[in-house]
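One structure below.
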Amino acid sequence: MRTMIDVMRIKRMPSASKFSISALLCIALCLLSGCSTPVPQPAPESEPLTLLSPDGKIQVSLSAQGTLTYALDVDGRQVLANSRLGLAFHNGTEIGTDSELLNVVRGSSDTTWENHFGKHREVRNHYNELRLALREKSSARNFEVIFRAFNDGIGFRYVLPPQPGLDSFIIHRELTEFAFPGNYTCFAGQQTNGFKGAQEWEFEPKKLGDIEPDSIIGLPLLIQTRAAWVAITESDLRDWSGMWIGGKTGSSGGVTLSAKLAPRREGDGLVRALAPHNSPWRVLIIGRQPGRLIESDLVLNLAPPSELADTSWIKPGMMAWDHWWSGDVKMDTATIKQYIQLASDMGWPYQLIDWQWYGPFNKPDADITHINPALDMDEVRRFASEKNVRLWLWLYWTDADRNDAYEKAFALYEQWGIAGIKIDFMDSDDQFMVNWYEKLTRAAAAHHLMINFHGAFKPTGLNRTFPNQITREGVLGNEYNRWSARVTPEHKLTLPFTRFLAGPADFTPGGFLNRQPSQFKANSHAAEVMGTRAAQLALFVVYDSPICCACDHPDHYRDQPGVDFLKIVPTVWDDTLVPDGEVAKHLVMVRRSGDDWFLGALTDSNAREIPVKLDFLGPGLWKLRLWKDATDSNVNAEHLDIEERVVSAGDTLNLQMAPAGGAVARFQKQ
């Protein structure tokens, strides 16, 4: 039972707690068994109740009598004014409207866990917790609200314990609000097709006041307040509906945002479930500078630990891609072998066989165990094995779902030695699809298959709980260059501060037909990309994707400047730091893999010089290899220069980047 598990995870009680362990156990048992009579207890804490982050710099203040609200301060400055909490049910009842506080339980935890598939190998999970046991007076319904405060943000969730009259429930509306005291600048991705779609959008700068009540704003939503940068998202989204944001009339110059949930496709409310049940965590990542948001692992820390006993078969790495993006690719044996050869030549462990390998898709008679007659799968598998390359297979989600076809197919793929599957076109985060993701992920894990969800919603930390859910799309990525001019340098410099805060994204970097923005044209046969060659290389460092799919054609990589970097760049990291960065303008990121450090830097459409202190390096001398914009990259974007020299931690590296430019570097201990 997840409610009891959460109670048991509290590491210690502060010595100043007013409640005995026996009293707390009685209260917990009462809530779990559904009793509606308050347990005798000492006088509750005075209001407002406060919760501090471990460093004391973030404070949550809660009012738990009557209307349930919370407020948030950072460094003593207000970030959120009193903001409502609660849920509305399908039968007209609500929680959080007229509440009575039954009990307060405080706890804290300071642990570390190892992440083999992220941006920090050792992740510290350090928080203080406040658990409120409440009863709604009008309905005598018991519920809990849990807050956790970390040094890099907060999370809160609702808990519905079992009790008479609440064996099952239907959520009609979530009442959660975010009341900002000012009309701040935000970076928002807007859904224009109701709640349906692949969550592929720009995060446009706008004022909070521009978000209308009927707006459907995707997550993460980034806000620049007077005290700090704040990103709103969610974690541990399971058997619930995805959260979105809409506007609401503010007061005194402030703007209140409200949570929205994607409706169930059957039309009966937003969430339908059985008690006991948790909502996902509502997450606010907080950083005084925007780069601190990138360094945060808060979404993962709020997600449950891995449910897979053995993850040794989950192997990150680079992947070649036989996709239409890099030309009119044919689905035949010779073409697939050409891409397998590319992966082998580059030292990449994977090759993705994309759509049409099983013939027509998204049709009633589509069969994901059938092989297109133009493709000799036995020969392809033999050739891939000879070249030490493992294969991934693309699937349309309806073809995998129809009559549970995935069950037979996944067993067959395991026999074939397939490494992973790319499932596409789900285009929803309603409760059905959220549960479908988990069902498919579990089934794939049972057959040692990794999953890359495309046409997908944002990650919510479940790549920690199910590490085979290793990456996903949910991003306006490089594929858009084929038919649009939307993948601008500014867009690429917004994503690390927005979409990537939620988790990995399969952006498919690596376009080598590089053009300055003024020279770029959409090309449906051989896609160009905006920005310099060095800038495209930098995406492999600054974007997170443990399985990283390089997008371009083998002929575009062969003997090209910078291709040597794609042979050595890792896809997972032991440490990540952001020395410098400004949303949509520039970014410098350094990452450690083993003993080596890698640097990635990007600039917007303006040329820029950025000095980077090398104090992240350890003592001694280091060999620097730098791939940088050439002197004429402002005209010939495919040009780059390579520089090698010896540096130390006391040095400063001056990066000179062309418009839409970038740089990458590797530092090796001498």
Side-chain angles (χ1 to χ4, degrees), residues 189 197-204 318-329 339 342 352 354-355 394 422 424-425 452 454-456 471-496 498-500 505-543 545 548-557 560-563 566 584 587 600 602-605 629 633-640 658-662 664:
Q199 301 196 9
E200 298 166 7
W201 48 55
E202 295 90 346
F203 291 83
E204 299 283 4
M318 294 279 288
M319 182 158 63
W321 182 29
D322 63 33
H323 197 238
W324 49 265
W325 188 89
S326 58
D328 294 322
V329 174
Y339 283 86
L342 169 66
L352 169 63
D354 214 272
W355 60 6
W394 177 93
K422 171 182 171 181
D424 210 345
F425 289 106
N452 176 1
H454 267 230
T471 194
R472 67 177 65 187
E473 195 178 32
V475 66
L476 197 161
N478 251 352
E479 67 177 357
Y480 276 76
N481 286 292
R482 183 160 173 168
W483 64 82
S484 77
R486 295 174 66 181
V487 191
T488 63
E490 290 72 23
H491 171 66
K492 286 180 280 190
L493 273 161
T494 304
L495 291 176
T498 52
R499 164 60 181 84
F500 279 94
D506 188 18
F507 182 89
T508 62
F512 266 34
L513 301 184
N514 311 100
R515 305 289 184 264
Q516 281 293 329
S518 61
Q519 302 166 335
F520 171 85
K521 59 183 182 298
N523 188 330
S524 62
H525 298 288
E528 301 175 355
V529 294
M530 290 190 204
T532 67
R533 176 70 51 83
Q536 196 70 194
L537 296 180
L539 300 182
F540 289 89
V541 179
V542 304
Y543 287 175
S545 189
C548 188
C549 192
C551 61
D552 222 330
H553 191 278
D555 291 345
H556 298 163
Y557 286 136
Q560 281 293 305
V563 75
L566 300 187
L587 176 64
L602 290 168
T603 185
D604 58 10
S605 298
D629 291 329
S633 291
N634 61 326
V635 177
N636 299 305
E638 292 181 1
H639 290 187
L640 61 75
V664 292

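By convention here, the first residue in the shown sequence is residue 1.
Nearest heavy-atom pair, N514 versus G531, reported as atom, atom and distance to 0.1 Å: CB-O, 3.2 Å. The nearest pair of heavy atoms linking S605 to P489 is OG-CG, 3.9 Å. Of all the heavy atoms in D629 and G661, the pair that sits closest is OD2-CA, 3.2 Å. Of all non-hydrogen atoms in A584 and E490, the two that sit nearest each other are O-CG, 3.7 Å. Taking each heavy atom of F520 and A485 in turn, the nearest pair found is CE2-CA, 3.8 Å. Nearest heavy-atom pair, A522 versus S484, reported as atom, atom and distance to 0.1 Å: CB-N, 3.7 Å.
Between the D552 side chain and the F512 main chain, a donor and an acceptor come within less than 3.5 Å of each other. Within the 3.5 Å criterion, the main-chain N or O of M530 finds a donor-acceptor partner in the side chain of K492. For D424 (side chain) and G455 (main-chain N/O), a donor-acceptor pair under 3.5 Å exists by modelled atom type. Using modelled atom types, one side-chain atom of E528 and one backbone atom of K521 make a donor-acceptor pair closer than 3.5 Å. At distances below 3.5 Å, not a single donor-acceptor pair connects side-chain atoms of E473 with backbone N or O atoms of D506.
Atom CG of L495 and atom CG of L476 lie 7.5 Å apart (nearest 0.5 Å). The structure places SG of C551 at 8.0 Å from CG of N481, a figure rounded to the nearest 0.5 Å. For the atom pair W325 CH2 and Y480 OH, the distance stands at 14.5 Å (nearest 0.5 Å). In this structure, CD in E638 is found 5.0 Å from CZ in R515, a value given to the nearest 0.5 Å. In this structure, the separation between CD on E479 and NE2 on H454 is 7.5 Å, given to the nearest 0.5 Å. In this structure, the separation between NE2 on H553 and CG on L513 is 11.0 Å, given to the nearest 0.5 Å.
When side chains are defined from C-beta on, P561 does not count as touching H639, because their heavy atoms never get closer than 4.5 Å. The side-chain heavy atoms of L537 and L566, taken from C-beta on, include a pair separated by under 4.5 Å. Counting only heavy atoms from C-beta outward, the side chains of F507 and V487 approach each other to under 4.5 Å.
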For D354 and K422, what are the C-alpha separation, side-chain angles and deciding distance, and is it a side chain to side chain contact (heavy atoms under 4.5 Å, CB included)? CA-CA 8 Å; D354 214 272; K422 171 182 171 181; 3.0 Å; yes
The test is side chain to side chain contact (heavy atoms under 4.5 Å, CB included); show your working for W321 and T508 and say whether it passes. CA-CA 9 Å; W321 182 29; T508 62; 3.7 Å; yes
After noting the C-alpha distance and the side-chain angles of Q516 and T532, does the key distance pass the side chain to side chain contact (heavy atoms under 4.5 Å, CB included) rule? CA-CA 7 Å; Q516 281 293 329; T532 67; 3.7 Å; yes
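Annotation: salt bridge (charged side-chain N to carboxylate O under 4.0 Å, His left out) contacts of D604 (sequence neighbours excluded): R608. Residues meeting the side-chain hydrogen bond (donor to acceptor under 3.5 Å, both in side chains) test with Y557, sequence neighbours left out: none. Under the side-chain hydrogen bond (donor to acceptor under 3.5 Å, both in side chains) criterion, W201 pairs with no residue, sequence neighbours left out.
Applying the side chain to side chain contact (heavy atoms under 4.5 Å, CB included) test between L539 and each of P509, P496, S545 identifies P509 as the sole match. Checking R533, Q536, Q560 one by one against L640, the side chain to side chain contact (heavy atoms under 4.5 Å, CB included) holds for a single residue, R533.
Aromatic ring centres of F203 and H491: separated by at least 6.0 Å.
Using cut-offs of 30° and 60° on the angle between ring planes, the pair W394 and F425 is perpendicular.
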